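What follows is a single structure, written as structure tokens, with notes after it.
Since the model is a prediction, treat every value here as computed from it, not as a measurement.
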Amino acid sequence: MAPLNLKTPPQAPPVFTATPASVVEDTKKFIDVSRKLTDDIVAKVKEQDASFEKVVLPMAHDENRQGLVAHILGFYQSVSTDQELRDASTEAEKMMDEFSIEASMREDVYKLVDAALRKGDKLDPESQRLLEKEHKSYIRNGLNIPAGPKRDRFKEIKKRLSQLSIIFQKNLNEEKGGLWFTPEELNGVPEDVLSGLKKEDGKYWLTFKYPDLFPTLKYGTNSATRQKVFVSNENKCNQNVPLFREAVLLRDEAARLLGYPNHAAFRIEDKMAKTPKTVDDFLGDLRSRLSDGGVAEIKTLKEMKKKDLESRSEKFDDRYYLWDHRFYDRMMEEQDFSLDQQLISEYFPLQTTIQGMLQIFEELFGLVFVEITGSDRDKISPSGKGNDIVWHDEVQVFSVWDDEGEGSGFVGYLYLDLFPRQGKYGHAANFNLQPGFIMENGTRRYPATALVCNFSKPTPKKPSLLKHDEVTTLFHELGHGIHDLVSRTIYSRFHGTSTVRDFVEAPSQMLENWCWTPSQLKSLSHHYSSLSPAYLEAWKERGGHTKSIQQPEEKIPDDLINKLIKTKNLNGALFNLRQLHFGLFDMFIHEPASHEALEQVKISEKYNGLRKELCHLDGPEVFGQGDNWGNGQATFGHLMGGYDAGYYGYLSSQVYSTDMFYSVFKANPMNATEGRRYRHTVLEKGGSQDEMKTLVQFLGREPRPDAFYEELGLKN
């Protein structure tokens with residue numbers, strides 16, 4: 001029960017009552033307001049009078065106000081059940097992006113910003129950072145290209161790249177493919193999964209959504225089924241193939257127009273790495289450290305596959321395929337470590353796991369989460385209707401507060417949208433709905449943030465149960481949400497996760513360590529059979545009990561935790577080589593020797609060939625199909641959604657996250673003093689100061705890679 005003083009937030013939550021028409025109309029309206037404000041600045045301020053206060057500050061306030069509206073207008077395309085509303089949201093994002101490109105290339109505004117920077121007024125550090133980044137952004141958006149055909153071409157490229165990114169992600173969100181299989185073809189796939197599939201004429205319809213896809217690849221005993229599922233999944237969005245190629249070529253052309261040797265040099269310049277060489281050296285070093293381990297792991301897994309097939313009187317062809325890996329990786333957990341992931345999932349029902357996670361964040365960071373349900377939603381809704389403050393009836397919403405020790409102040413709103421729907425974003429991600437910032441009157445505007453996930457839905461006999469990797473995913477994304485919530489910046493530009501890409505994953509990656517800590521696994525766990533009599537009966541029906549055990553322990557047993565922890569880096573070289581594949585592929589296509597060389601690249605063949613070269617996993621190419629059998633680059637949004645020439649950040653940020661955990665939290669993960677120091681020193685800062693400065697302030701020194709390599713079992 002929440003304290004009474006935490007019942008009524010001082011700021012109403014946003015409402016989600018848009019119609020297709022209102023989305024477009026509201027977008028036009030705020031664009032017009034923003035354009036007029038900029039026009040007025042240009043009309044009223046002469047270059048010699050330009051200052052931060054007269055030029056940049058009014059635009060920053062406008063950007064703050066825009067964020068309250070714009071993020072939600074673009075969010076509907078990822079979560080709405082209404083096709084027309086999703087389409088309108090996509091159109092709104094196109095309009096916003098085009099306006100942003102137009103605004104970022106206004107030479108009249110740039111001259112005023114340039115004059116304000118040269119004036120050298122004494123500003124607070126965050127305002128100075130805003131001024132410098134604003135000035136640099138005009139240059140990076142083409143204003144160092146002389147006015148004329150080349151600058152016009154650059155602007156044309158920027159607009160087209162925006163369109164390509166939006167269409168690419170929409171195709172992924174709207175993807176509704178799948179395959180029909182007989183029960184025999186799905187032998188081994190858990191009953192929980194099968195019972196949730198559409199069934200017609202004795203066959204099951206298996207989609208490519210995570211709750212269908214991964215269990216089939218992990219448990220399906222039929223190799224031909226796994227192959228069909230894997231290859232079809234790699235080809236589920238082939239309409240994205242030409243879009244991806246066009247984007248890669250346009251990025252390279254744009255970078256060269258700006259005077260950069262390639263797109264990677266342009267993108268990495270303002271990141272922590274600074275140069276492509278730093279990235280290439282890091283990835284190359286990691287590759288050399290991991291390659292022998294990958295070969296050794298494949299050898300062991302092949303031996304396991306051989307024994308498995310021989311036990312079933314099936315022929316072994318001395319190959320280890322891409323569609324084998326999840327299956328035999330899981331088998332190794334079970335046979336060599338006596339680890340049953342299905343059994344572990346029984347201890348992590350989704351709702352109690354979320355409660356446990358929120359409790360960890362409460363203790364660590366000094367927060368209080370209050371779920372808002374029923375009539376309480378009506379009371380805080382600006383319209384008086386509780387349904388208006390969520391976009392779907394499955395969505396949970398929490399008001400978030402500081403605890404007494406932190407001052408009992410309001411922090412913001414957290415939303416959880418956890419189950420798959422048609423047209424919904426298909427992975428797991430955190431979306432900022434409204435940023436936090438200081439308003440013009442000096443008071444704080446509080447943020448709203450949403451976790452959008454795709455976990456299996458509950459049934460009458462069983463709640464949604466999380467595999468351990470899903471627990472880790474949830475903790476990771478919730479980590480982004482906490483970063484978004486506790487950030488305290490002056491400007492929305494720097495709020496929360498608005499950091500450089502090669503740092504942004506570090507805070508969430510660090511929190512994943514709590515999912516491998518025995519005490520935290522114990523506290524998070526809660527066997528589902530104890531949640532209701534119906535669940536207990538269902539558990540007994542499923543053969544989950546013996547005469548001596550009428551009900552399992554509520555908390556996960558220590559021996560199960562120990563078995564799980566022993567598998568933390570099981571086949572870790574192959575896992576990291578897979579991440580390395582994405583990172584090296586990303587750098588390869590964005591770091592060509594020349595534009596002509598890039599035009600000759602066969603992107604799908606490079607994607608598949610590089611994976612084979614790194615991971616030594618066979619694919620359909622061994623059947624004479626060549627390396628163009630699949631188009632995996634067209635099926636995940638990262639390289640079209642902001643991680644271009646930046647995917648390396650998932651690996652490089654682990655250097656920072658592991659260093660922070662080992663140095664500060666490993667000895668005592670629930671050290672509340674250090675947790676609050678982390679909150680105020682790292683999370684609170686957002687992108688308002690140089691990220692390396694943030695790390696040094698927290699660690700008391702420059703970050704080091706030792707812990708990262710130790711964690712991977714590699715020598716530094």
Review point. Between Tyr678 and Phe661, is the ring centre distance below 6.0 Å?
Key: no
Study note, to complete from the structure: Residue pairs meeting salt bridge (charged side-chain N to carboxylate O under 4.0 Å, His left out), one or both in residues 416-431, sequence neighbours left out, come to Glu394-Arg421, Asp417-Arg421, Asp417-Lys424
Review point. Below 4.0 angstrom, N of the basic side chain to O of the carboxylate: do Asp376 and Lys379 qualify?
Key: yes
Practice item. Show the numbers, then the answer: is there a ring-ring contact (aromatic ring centres under 6.0 Å, His included) between Trp401 and Tyr446? Key: CA-CA 11 Å; Trp401 305 78; Tyr446 302 101; 8.8 Å; no
Check your understanding: Taking only residues two or more places apart in sequence or in another chain, which ones pass side chain to side chain contact (heavy atoms under 4.5 Å, CB included) with Ala429?
Key -> Tyr425, Phe431
Exercise for review: Check whether the side chains of Gln77 and Gln169 place a donor and an acceptor atom closer than 3.5 Å, and report yes or no.
Suggested key: no
Point to revise | Exceeds 12 heavy-atom contacts within 6.0 angstrom, atom NZ of Lys385 | key: no
Review point. Any sub-3.5 Å donor-acceptor pair from Ser464's side-chain atoms to Ser456's backbone N or O?
Key: yes
Practice item. Not counting sequence neighbours, which residues clear side chain to side chain contact (heavy atoms under 4.5 Å, CB included) with Ser195? List them please. Key: Glu191
Study note, to complete from the structure: On a heavy-atom basis, the closest approach of Leu433 and His71 is O-CB, 3.2 Å
Point to revise | Asp97 with Lys94: basic N within carboxylate O range, under 4.0 Å | key: no
Exercise for review: Assess whether salt bridge (charged side-chain N to carboxylate O under 4.0 Å, His left out) is satisfied between Glu691 and Arg129, documenting all intermediate values.
Suggested key: CA-CA 12 Å; Glu691 288 79 5; Arg129 183 172 173 83; 3.7 Å; yes
Study note, to complete from the structure: Note: Leu474 and Leu451 closest approach over all heavy atoms is CD1-CD2, 4.1 Å
Review point. Arg501 and Tyr643: side-chain contact (heavy atoms from CB on, under 4.5 Å), yes or no, with the steps?
Key: CA-CA 7 Å; Arg501 288 278 181 173; Tyr643 277 89; 2.8 Å; yes
Review point. By salt bridge (charged side-chain N to carboxylate O under 4.0 Å, His left out), which residues pair with Lys198, not counting sequence neighbours?
Key: none
Practice item. Look at the side chain of Ser688 and the backbone N and O of Lys685, then say whether any donor-acceptor pair between them is shorter than 3.5 Å. Key: yes
Check your understanding: Using 4.0 Å as the upper bound for N to carboxylate O, is an ion pair formed by Glu440 and Arg65?
Key -> yes
Check your understanding: Tell me the salt bridge (charged side-chain N to carboxylate O under 4.0 Å, His left out) pairs involving residues 351-368, sequence neighbours left out?
Key -> none
Revision key, fill the gap. Rounded to the nearest 0.5 Å, the CG atom of Leu130 sits from the OH atom of Tyr491 at a distance of 6.0 Å
Exercise for review: Examine the side chains of Asp388 and Thr17 and answer whether a donor and an acceptor come within less than 3.5 Å of each other.
Suggested key: no
Check your understanding: Under the 3.5 angstrom rule, does the side chain of Thr658 hit a backbone N or O of Gln654 as a donor-acceptor pair?
Key -> yes
Review point. Is Glu25 paired with Lys28 through a side-chain N to carboxylate O contact shorter than 4.0 Å?
Key: no
Check your understanding: In terms of side-chain geometry, is the basic nitrogen of Arg35 or Glu98 positioned less than 4.0 Å from the acidic oxygen of its partner?
Key -> no
Exercise for review: Over 60° means perpendicular and under 30° means parallel, so classify the ring planes of Tyr415 and Trp391, tilted if in between.
Suggested key: tilted
Check your understanding: Can you tell me if Thr517 uses its side chain to pair, donor with acceptor, with the backbone of Asn513 under 3.5 Å?
Key -> yes
Check your understanding: Where is the tightest heavy-atom contact between Val471 and Met357, given as atom of each residue plus distance?
Key -> O-CE, 3.2 Å
Review point. Hey, is CD on Glu404 packed in by over 12 heavy atoms from elsewhere, all under 6.0 Å?
Key: no
Point to revise | Under the side chain to side chain donor-acceptor pair (under 3.5 Å) test, residues paired with Asp484 that sit two or more places apart | key: Asn432, Thr449, His495
Review point. Between the main-chain N or O of His427 and the side-chain N or O of Asn454, is there a donor-acceptor pair closer than 3.5 Å?
Key: yes
